[in-house]
Amino acid sequence: MKSCLTLILFLLAASTATGEAGQSQPEVLVLTTGGTIASRTDAPLIPGPALVQAVPELLDHASIQVEEFSKIGSSKMTPGHWLALSKRINERFAADSELAGIVITHGTDTLEETAYFLNLTVAWDRPVVMVGSMRSSNEVSPDGPANLINAVRVAVSAEAVGQGVLVVLNEDISAARDVWKTDNRRVHTFESLDGGPVGVVDPDGVRFYRRSLQPHTTASEFDVAGIDELPEVLILTDFTGIDRELVARFASQSMDGLVVRTFAGGRMSAGMSAGLREIADQGVPIVVTSRIPKGRIVSAPDYEFPAVVSSGQHDNKARILLMLALTGTSELSEIQRVFDTY
Ligand code: ASP
């Protein structure tokens with residue numbers, strides 16, 4: 001991870017550092033991580049600088065620095081990558097007060113998770129914009145270049161300051177907390193189910209219509225500067241007729257916390273409930289989430305064991321929130337406060 005960092009200051013715009021009317025172009029750092037946006041069918045992933053150089057229109061909006069953070073499909077992302085990426089973003093903002101914003105190119109498969117982690121751990125209100133694509137760069141009408149240009153346009157927009165980490169694909173601007181990948185193929189795959197995108201990127205400008213109200217970035221209580229490894233949190237999915245034995249066997253796993261994906265309203269099978277009681281008896285904090293895309297779990301059933309109920313966060317984001325909560329506490333009441341807050 002750290003070793004593949006190649007910093008190539010690409011003052012690509014040196015010659016064009018001045019925009020229209022001669023005023024200097026805002027500075028944007030593009031941190032590249034891999035994913036379809038950097039892929040070509042039947043060829044290795046495109047290196048970071050080449051990915052940016054392939055879209056000269058970026059220079060109409062900003063002067064660009066490029067840093068290659070990793071070159072992987074996002075299914076290979078790990079909590080270790082999240083931590084290092086968050087620290088790198090905080091370092092770059094601290095080192096360069098002129099930096100208007102940071103754009104992160106990333107695979108779409110786990111983009112929503114990296115976005116949510118950064119939303120809770122980046123300690124600056126300058127724009128951090130995540131972008132990807134659904135078509136490879138050498139497919140017919142690739143969506144990558146337009147998405148990247150739009151991401152840079154959002155990163156230099158004054159309205160994006162203080163909005164938390166944003167995700168830009170297919171001309172939609174989505175908040176990291178709400179967005180998720182909903183389609184295996186279509187370019188409009190990212191949706192925010194409870195409330196829709198926070199804005200759009202149109203040819204004539206960037207427009208925001210709303211903002212995420214839950215705390216993020218500078219208002220978040222989570223500081224990862226001193227953390228080298230995140231707590232181990234696992235996810236267990238309930239299914240009809242699951243055997244208590246299977247769940248109880250999970251108790252032998254070393255884990256700092258467990259997220260359970262249950263049926264609607266937090267209701268779970270008898271086997272899951274009985275098995276979780278054994279895991280809870282070992283003092284492992286358990287967070288209950290629903291497999292239903294929309295709406296919160298309201299008045300969850302009485303469980304036979306102490307548990308935290310996730311307020312609308314689905315399993316993969318609840319895992320991130322529990323990881324961060326466990327960096328500060330293992331008190332269930334405190335963890336519930338975190339889930340009711342973020
Ligand atoms: N496999 C890709 C990834 O890295 C999918 C994508 O980027 O769309 O996530």
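Atoms within each ligand, like the ligands themselves, are counted from 1 in listed order.
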List the closest protein heavy-atom neighbour of [atom]: residue, atom name, distance to the nearest 0.1 Å.
atom	answer
atom 8 (O) of ligand 1	T108 OG1, 2.4 Å
atom 6 (C) of ligand 1	T36 OG1, 2.8 Å
atom 1 (N) of ligand 1	D109 OD2, 3.4 Å
atom 4 (O) of ligand 1	S74 N, 2.8 Å

One residue to check: S133. Relative to ligand 1, which of side chain, backbone, both or neither has a non-hydrogen atom less than 4.0 Å away?
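Backbone only.
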
Given Y342, which of F117, F222, Y116 fulfils the ring pair (Phe, Tyr, Trp, His ring centres under 6.0 Å) condition?
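That would be F222.
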
Using 4.0 Å as the upper bound for N to carboxylate O, is an ion pair formed by [Y] and [X]?
X	Y	value
R186	D143	no
D202	R207	no
R92	E67	yes

Which atoms of ligand 1 have any heavy atom of G73 under 4.0 Å away?
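In order of numbering, the contacting atoms are 4 (O).
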
Close-contact set for ligand 1 against G107 heavy atoms, below 4.0 Å
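Atoms satisfying the 4.0 Å criterion: 3 (C), 4 (O), 7 (O), 9 (O).
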
Distance alone, cut at 3.5 Å: any donor-acceptor contact between the side chains of N150 and R153?
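Their side chains do contain a donor-acceptor pair, which is all the 3.5 Å distance test asks for.
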
Candidate pair E221 and R337, rule salt bridge (charged side-chain N to carboxylate O under 4.0 Å, His left out), full reasoning
CA-CA 12 Å; E221 65 193 85; R337 176 195 62 76; 2.8 Å; yes

